[in-house]
Amino acid sequence: MNQSVYTRCRFLLVGLALLTAMSCSSKEEANTDEAFQPTFRLIPADTFNFNSFVDCNMAEAWVGDTFRIFPGKYGEDPLWGDSRELKFADGRNAEEAFLSKQDAFTEPAMPVNAPVGQSGLHGAVWFETVYQAANDKSGRTLYAVYHNENYPSTLPYDAKTGRGYKNENWPEGIKEPGSPSAVCRIGIMKSADGGRSWQNKGLFLEDNQPRMILSPHNTSKTFAGGVGDPSAVVSGDYLYLFYGEYGYPSTYQRAGYDPDKEQSGQCISVARIRLTDLDNPEGKARRWDGNGFNAPHDGIGVPIASLQIPKASGGGPTSSPEAGYYWGPSVSWNTHLNAWVMLMAKATGPSWAGSSVHIAFNPHADLGEALHSQAWTTPKLLLDRPGYFLWYPSLQPMNNPDDLAEKHTCLRLGQRARLFIKNIRPEKSVYMSAHIVEFNR
């Protein structure tokens, strides 16, 4: 079955389910992929090369009249080395902040890593999205959604809590032969001073040891399992988190391992948490389970079907070095389209190898209604650069009157936006922009 036929069949089944269960479905909602297809155009532009370390989505916010970005990495990492590269830079607009010189970045005060075996922050963190509290008119109250990576050495298994990882049949990692794979989790930090200092508030989502995919089946040199590379947006009273799902969708057992079952539970998923729970998030988030946001924060959810690559089109489980899957979503609300826009990278080989960036749309502002959080169009190719790995694509505001007046960020944009991507080759990697994306209805 080719991808277009697969997509039409999937949306037809979704529409029939809604008619039966809710008696309020519409043809437009059930067939979003066909009914809503905005156009986009990639326009060559002056090249911007970023001057500091980036290995994640770009988190940012307007703090008063200052555009502030938060790239980099912080914390303990036995594989790559401990890091204090998570820093912030300021500008009067996005362009100025993105072109900041390396010595213009400032290191914020961060919570220290807890000793192994004690509660607290473990592993390294990367800020992926910053949510700005709407009830603080100063703009100084920020919540950072962070990607967190650990290993059996930094977060060993605790039989009392069920958290942590056992160093048994652990899969190989990305760095070199014998290096361990990481496990990704997602957490939340809070700042009351515009991002100059942060407090760890705890975990948003995680997968535990039973869902880790171990040797000999996990050979992709990516993650042993977990959830990561998130992008978070506000809709109504909730923060919606779109993220990559790398775990097995039940208890992994070596004898009963099924690659098709693994693939069925992976790709880009969605969870949500009430905005009022961000100060105490642990255990509060709920994952989409196929019918609603009912699965617990460490339970088994269901990924967004339209963002999965069918097996016939090269799709596969993330533990395979030959898998095709989308990952690293970056989501924004587009005021020109009145729709959500998602960019994502596409893995086609080991260690997230892949040279293309893809784009999908969702016309439903309210992500909590019915199947709205699932109603994404089938991804289309935005950019391909053979010979490169393209990671962490995002759309960023421009230095134009509308973007400045509206104080746009990567979470809210207009008709035109800058495309930033991490371009990786063995000899060099650069986070850069060489294109503008223009949208039309």
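- S235 places a side-chain N or O within 3.5 Å of a backbone atom of A365 that can act as its donor or acceptor partner.
- For the side chain to side chain contact (heavy atoms under 4.5 Å, CB included) with Q263, the lone residue among P317, S320, S319 that qualifies is P317.
- Taking a 6.0 Å sphere around CD of E438, one finds it holds more than 12 heavy atoms contributed by other residues, nucleotides or ligands.
- Using cut-offs of 30° and 60° on the angle between ring planes, the pair F70 and F88 is tilted.
- Among V234, D277, T129, the one residue that satisfies the side chain to side chain contact (heavy atoms under 4.5 Å, CB included) test with L239 is V234.
- Using a distance-only test at 3.5 Å, with no hydrogens or angles considered, a donor-acceptor pair links the side chain of Y74 to the main chain of P111.
- Within the cation-pi definition used here (under 6.0 Å to the ring centroid, within 45° of the axis), K422 does not qualify as a partner of Y392.
- Residues Q415 and N334 have side chains not in contact (no heavy-atom distance under 4.5 Å, counting atoms from C-beta outward).
- A side-chain donor-acceptor contact under 3.5 Å links S191 to the backbone of D193.
- No side-chain heavy atom of V183 sits less than 4.5 Å from a side-chain heavy atom of Y246.
- A distance of 5.0 Å separates CD of E282 from CG of L203, quoted to the nearest 0.5 Å.
- Using modelled atom types, one side-chain atom of E60 and one backbone atom of C410 make a donor-acceptor pair closer than 3.5 Å.
- Although no hydrogens or angles enter the test, the distance criterion places no donor-acceptor pair under 3.5 Å between the side chain of E85 and the main chain of K73.
- Using a 4.5 Å heavy-atom cutoff, the side chains of R287 and S269 are not in contact.
- Of all the heavy atoms in A61 and V130, the pair that sits closest is CB-CG1, 4.0 Å.
- Taking the six-membered ring for Trp and thresholds of 30 and 60 degrees, Y240 and F293 have ring planes more than 60 degrees apart, a perpendicular arrangement.
- In this structure, the ring of Y326 has its center no less than 6.0 angstrom from the ring center of W376.
- In this structure, a donor-acceptor pair under 3.5 Å is present between the side chains of Y238 and R274.
- Using a 4.5 Å heavy-atom cutoff, the side chains of Y325 and Q266 are not in contact.
- For D260, the CG atom is densely surrounded, since the number of other residues' heavy atoms within 6.0 Å is greater than 12.
- The shortest non-hydrogen separation linking P249 to R211 is CA-NH2, 4.0 Å.
- For the pair R84 and E107, the salt-bridge criterion is met [side-chain N within less than 4.0 Å of a carboxylate O].
- F98 and F420 have tilted rings, their planes meeting at an angle from 30° to 60° on a 0 to 90° scale.
- At distances below 3.5 Å, not a single donor-acceptor pair connects side-chain atoms of N93 with backbone N or O atoms of N399.
- The shortest side-chain heavy-atom distance between T39 and R41 does not fall under the 4.5 Å cut-off.
- Contact between W340 and H364 at its shortest, heavy atoms only, is NE1-O, 2.8 Å.
- Distance check: D103 CG to N51 CG gives 9.5 Å after rounding to the nearest 0.5 Å.
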Quick one, W170 with L214, criterion side chain to side chain contact (heavy atoms under 4.5 Å, CB included). Give me CA distance, side-chain angles, the key distance, then yes/no. CA-CA 5 Å; W170 201 255; L214 307 176; 3.9 Å; yes
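- The CG atom of L121 sits 7.5 Å away from the CE atom of M110 when rounded to the nearest 0.5 Å.
- A donor-acceptor contact closer than 3.5 angstrom links the side chains of D279 and Y143.
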Step by step, would you call W288 with F242 a ring pair (Phe, Tyr, Trp, His ring centres under 6.0 Å)? CA-CA 11 Å; W288 181 264; F242 295 90; over 10 Å; no
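- When side chains are defined from C-beta on, E206 counts as touching H297, because their heavy atoms get closer than 4.5 Å.
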Where do F105 and F53 land on the ring pair (Phe, Tyr, Trp, His ring centres under 6.0 Å) test, with the steps shown first? CA-CA 11 Å; F105 284 76; F53 177 74; over 10 Å; no
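- In this structure, the side chain of H435 does not engage the main chain of L419 through any donor-acceptor pair within 3.5 Å.
- Panel note: side chain D77, backbone D82; no donor-acceptor pair is recorded below 3.5 Å.
- Checked by atom type and distance alone, the side chain of T66 never pairs as donor or acceptor with a backbone atom of R68 at under 3.5 Å.
- A donor-acceptor contact shorter than 3.5 Å is absent between the side chain of Q118 and the backbone of A114.
- Note that CG of L278 is 9.0 Å distant from NZ of K190, once rounded to the nearest 0.5 Å.
- Distance check, rounded to the nearest 0.5 Å: CE of M344 to CG of L382 gives 10.0 Å.
- V125 is listed as a side-chain neighbour of N148, based on a closest heavy-atom distance under 4.5 Å.
- Taking the six-membered ring where tryptophan is involved, the planes of H147 and F223 are tilted, since the angle between them lies from 30° to 60°.
- Counting only heavy atoms from C-beta outward, the side chains of W391 and S429 never approach each other to under 4.5 Å.
- Taking both residues in full, the closest heavy atoms of G328 and P393 are given as O-CD, 4.4 Å, listed atom of the first, atom of the second, then distance.
- Residue L413 comes nearest to Q396 through the heavy atom pair CD2-C, 3.7 Å, listed as atom of the first residue, atom of the second, then distance.
- Here CD of E76 is found 5.5 Å from OG1 of T154. Values are rounded to the nearest 0.5 Å.
- Minimum interatomic distance between E149 and A182 (heavy atoms only, all atoms of both residues): OE1-CB, 3.8 Å.
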Determine, stepwise, if the pair W80 / D55 fulfils side chain to side chain contact (heavy atoms under 4.5 Å, CB included). CA-CA 13 Å; W80 298 96; D55 193 36; over 6 Å; no
Test side chain to side chain contact (heavy atoms under 4.5 Å, CB included) on N338 and W333; report intermediate values, then the result. CA-CA 7 Å; N338 286 320; W333 176 256; 4.2 Å; yes
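- No more than 12 heavy-atom neighbours from other residues, nucleotides or ligands sit within 6.0 angstrom of CG on D65.
- Between W62 and F67, the angle of the ring planes goes over 60°, which puts this pair in the perpendicular group of the 30/60° scheme.
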What verdict does the side chain to side chain contact (heavy atoms under 4.5 Å, CB included) test give for S394 and Y431, after you've listed the backbone C-alpha separation in whole Å, the side-chain angles of each residue and the deciding distance to 0.1 Å? CA-CA 11 Å; S394 71; Y431 187 68; 3.3 Å; yes
